[in-house]
Amino acid sequence: MTPRRIGILTAGGDSPGLNAAIRAVGKSAIGRYGMRVVGIRDGFRGLVENRVEELESEALAGILTRGGTILGTSRDKPHKLRVGDQTIDMTARVCENYANLHLDALVCLGGGGTHSSAQRLLDAGLNIITLPKTIDNDIAHTDTTIGFDTALSIATEAIDRLHSTAHSHHRIIVVQIMGHNAGWLTLGAGLASGADVVLIPELPYDVEYVAESIRQRSMGGHGFSIVAVAERAKPQSPADLGLTDEASTGGLAFEFAGPTLALTHRLESLTRLEARLTILGHVQRGGTPTATDRTLATRLGTAGADAVADGARGVMVAARGESTALVDVAAVAGQRKTVPLDHPWILAARDTGLCLGVPLD
Ligand code: F6P
């Protein structure tokens, strides 16, 4: 039987292109397949609390270019939902509300955490279709993710702007870029903007080696350097930055900012060049999506509606070249796509003289 009614939600950190994807799923489900679409507020929490709204065609108009998500999002997981002072497993409530809403499928737009939650709900008997979104580009079995291209463009433009001020003041500018445990954003933006040093989680760095590459630039007449650091890049030894183990247990903000700040100070003292730190933070997730993200979101969204109409169950709609592919959520949940050390971006960085924090063959 053709599905008649689907739910849609966005979960995890927002990323540019979510509204374009909601629009594509909705327009195609309603216009092409005659389905009804229910929007669920604030990720899985909205399904627990039954905060839903019927999405008519008018609600989907004018949102293609908007950043954020019209549905709202949260990082809440159905099996570990914070309610007052307690953490409760709400899987049964989610299943109850899914049944009461007469949903034939739930389309979840999310990243790594969302795929793990999706797998639990599949195990509980729901039908879930996912679309990969995250600025981190770290979802397995898809070429890319909704939001990555926009964040990459923002980070690249930011480094371009830091270049001219670093050059004028003969400074080191360290710029911290998001990406969770993957270096895609930092490496991509570093390559695109011609950063001098790129430090990513996949390659623990040697701070002395980094300082030496900056000293060499200085001796060669380049008195400034741009150091692009992924938020979770790590030194080979925390002691190299004068960090103790406690430095990484002081909460997320400190865990990310602390080592990058320590690196900035250390480079200043090792090179005797003035150094400044810029943390790009959530700027990378805000604002209107690029044309690439809008078209990616639109083709993944329409393929998502096709998958539901064809009766697919438990699959992620992956980007595969110019096309799409359906991949079992089970193969994606719990996996993270990090940068392989033989990736063409790594080789291109090495071959153009970019310092990656350690010597590479
Ligand atoms: O996963 C996307 C991401 O932007 C990461 O790059 C970053 O570490 C994290 O989310 C920040 O999360 P929050 O918005 O919850 O601070």
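In each ligand, atom 1 is the first atom listed, and ligand 1 is the first ligand listed.
- Heavy-atom contacts from other residues, nucleotides or ligands closer than 6.0 Å to CZ of R82 number more than 12.
- Ligand 1 has H282 within reach: a non-hydrogen atom of the residue lies less than 4.0 Å from it.
- Heavy atoms from other residues, nucleotides or ligands lying under 6.0 Å from CZ of R41 number more than 12.
- Within the 4.0 Å heavy-atom criterion, neither part of Q284 lies near ligand 1.
- Every atom of ligand 1 with a heavy atom of H180 under 4.0 Å away is listed here by number and element: 6 (O).
- Residue-environment remark: CZ (R93) stays at or below the threshold of 12 foreign heavy atoms within 6.0 Å.
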**Request:** Give the C-alpha distance, both sets of side-chain angles, the deciding distance and a yes or no for ring-ring contact (aromatic ring centres under 6.0 Å, His included) between H167 and F224.
**Result:** CA-CA 5 Å; H167 183 267; F224 74 96; 5.1 Å; yes
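- Residue-to-ligand polar distances place G179 within reach of ligand 1: an N/O pair is separated by less than 3.5 Å.
- Within ligand 1, the atoms closer than 4.0 Å to a non-hydrogen atom of D136 are 1 (O), 2 (C), 3 (C), 5 (C), 6 (O), numbered from 1 in the order shown.
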**Request:** Could you walk me through whether R276 and E274 pass salt bridge (charged side-chain N to carboxylate O under 4.0 Å, His left out), step by step?
**Result:** CA-CA 7 Å; R276 292 286 188 272; E274 215 178 14; 3.5 Å; yes
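- Scanning both residues, L131 and H115, for their nearest heavy atoms gives O-CE1, 4.4 Å.
- Taking every heavy atom of R285 and a limit of under 4.0 angstrom, the matching atoms of ligand 1 come to 3 (C), 4 (O), 9 (C), 10 (O), 11 (C), 12 (O), 13 (P), 14 (O).
- By the criterion of a heavy-atom distance under 4.0 Å, the side chain of I135, and not its backbone, is placed next to ligand 1.
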